[in-house]
Amino acid sequence: MKTISIINGPNLNLLGKREPDIYGSLTFEEYFMELQALFEDKAELHYFQSNSEGALLDYIHKIGFSHDGIVLNGGAYTHTSIAIGDAIKAITTPVIEVHISNVHARESFRHHSYFSAHCAGVLVGLGLKGYELAIRALLD
Ligand code: DQA
């Protein structure tokens with residue numbers, strides 16, 4: 001049984017309420033229950049969300065040398081946080097970066113990620129399905 005952490009960054013606690021045309025109408029808590037049922041025999045899933053960059057860094061440091069994989073949607077910190085990029089580089093746990101929306105089809109400030117170069121893979125624009133596919137990739 002592998003241990004995988006899903007980490008969501010700022011504003012992703014508003015999934016279900018926030019711009020549903022872009023992000024859908026399901027809350028992440030509802031979707032996380034679906035994921036837990038889907039992977040119940042294969043993975044122990046953990047979920048952490050914070051709107052604070054420091055709290056995200058502390059969690060990445062805490063689990064980044066022991067868990068088998070991280071699925072990270074850093075929200076807007078993806079485009080601003082050199083510190084989280086450095087943390088992904090520093091840890092030994094492989095990270096897959098996920099974005100619900102196709103960031104490349106949106107504003108140009110969303111086209112650059114400080115994370116991608118340090119990640120094992122990147123999934124964008126596949127909706128919440130991206131989290132499931134990232135977990136599958138980490139389990140393979
Ligand atoms: C996002 C894309 C980011 O640009 C944005 O700031 C988010 C969500 C996504 O999942 O599509 O908060 O990471």
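Counting starts at 1 for both ligands and their atoms, in listed order.
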Residues Ala83 and Glu53: closest non-hydrogen pair is CB-OE2, 4.0 Å

Ligand 1 atoms nearer than 4.0 angstrom to some heavy atom of Tyr23 are 5 (C), 7 (C), 8 (C), 9 (C), 11 (O)

of all protein heavy atoms, closest to atom 5 (C) of ligand 1 is Arg110 NH1, 3.3 Å

Among non-hydrogen protein atoms, atom 11 (O) of ligand 1 lies closest to Ser101 OG, 2.6 Å

Could you check whether any side-chain heavy atom of Ile84 comes within less than 4.5 Å of a side-chain heavy atom of Leu57, counting everything from C-beta outward? yes

At under 4.0 Å between heavy atoms, what of Asn73 touches ligand 1? The answer is side chain

Quick note on ligand 1: atoms under 4.0 Å from a heavy atom of His79 include exactly 3 (C), 4 (O)

Review point. Is there side-chain contact between Glu132 and Leu38, with heavy atoms separated by less than 4.5 Å?
Key: yes

For atom 9 (C) of ligand 1, the closest protein heavy atom turns out to be Ile100 N, 3.4 Å

Checklist entry - Does an N or O anywhere in Ala76 fall below 3.5 Å from an N or O of ligand 1? => result yes

Can Tyr131 and Phe28 be said to form a ring pair (Phe, Tyr, Trp, His ring centres under 6.0 Å), step by step?
-> CA-CA 11 Å; Tyr131 292 88; Phe28 200 82; 4.8 Å; yes

of all protein heavy atoms, closest to atom 1 (C) of ligand 1 is His99 ND1, 3.7 Å

Going by the 4.0 angstrom heavy-atom rule, the piece of Arg18 near ligand 1 is side chain

Logged contact type for Ile22 with ligand 1, heavy-atom cut-off 4.0 Å, is neither

- Would you call Ile135 and Ile96 a side-chain contact if the rule is heavy atoms closer than 4.5 Å? no

Q. Can you check whether Thr93 reaches Ile63 side chain to side chain, under 4.5 Å on heavy atoms?
A. no

Heavy-atom side-chain proximity of Leu138 to Lys2 below 4.5 angstrom
no

dist His79:NE2 -> Ser113:OG (nearest 0.5 Å) comes out at 7.5 Å

Mark the output for Val103 as yes if a heavy-atom distance to ligand 1 is under 4.0 Å, and as no if none is.
yes

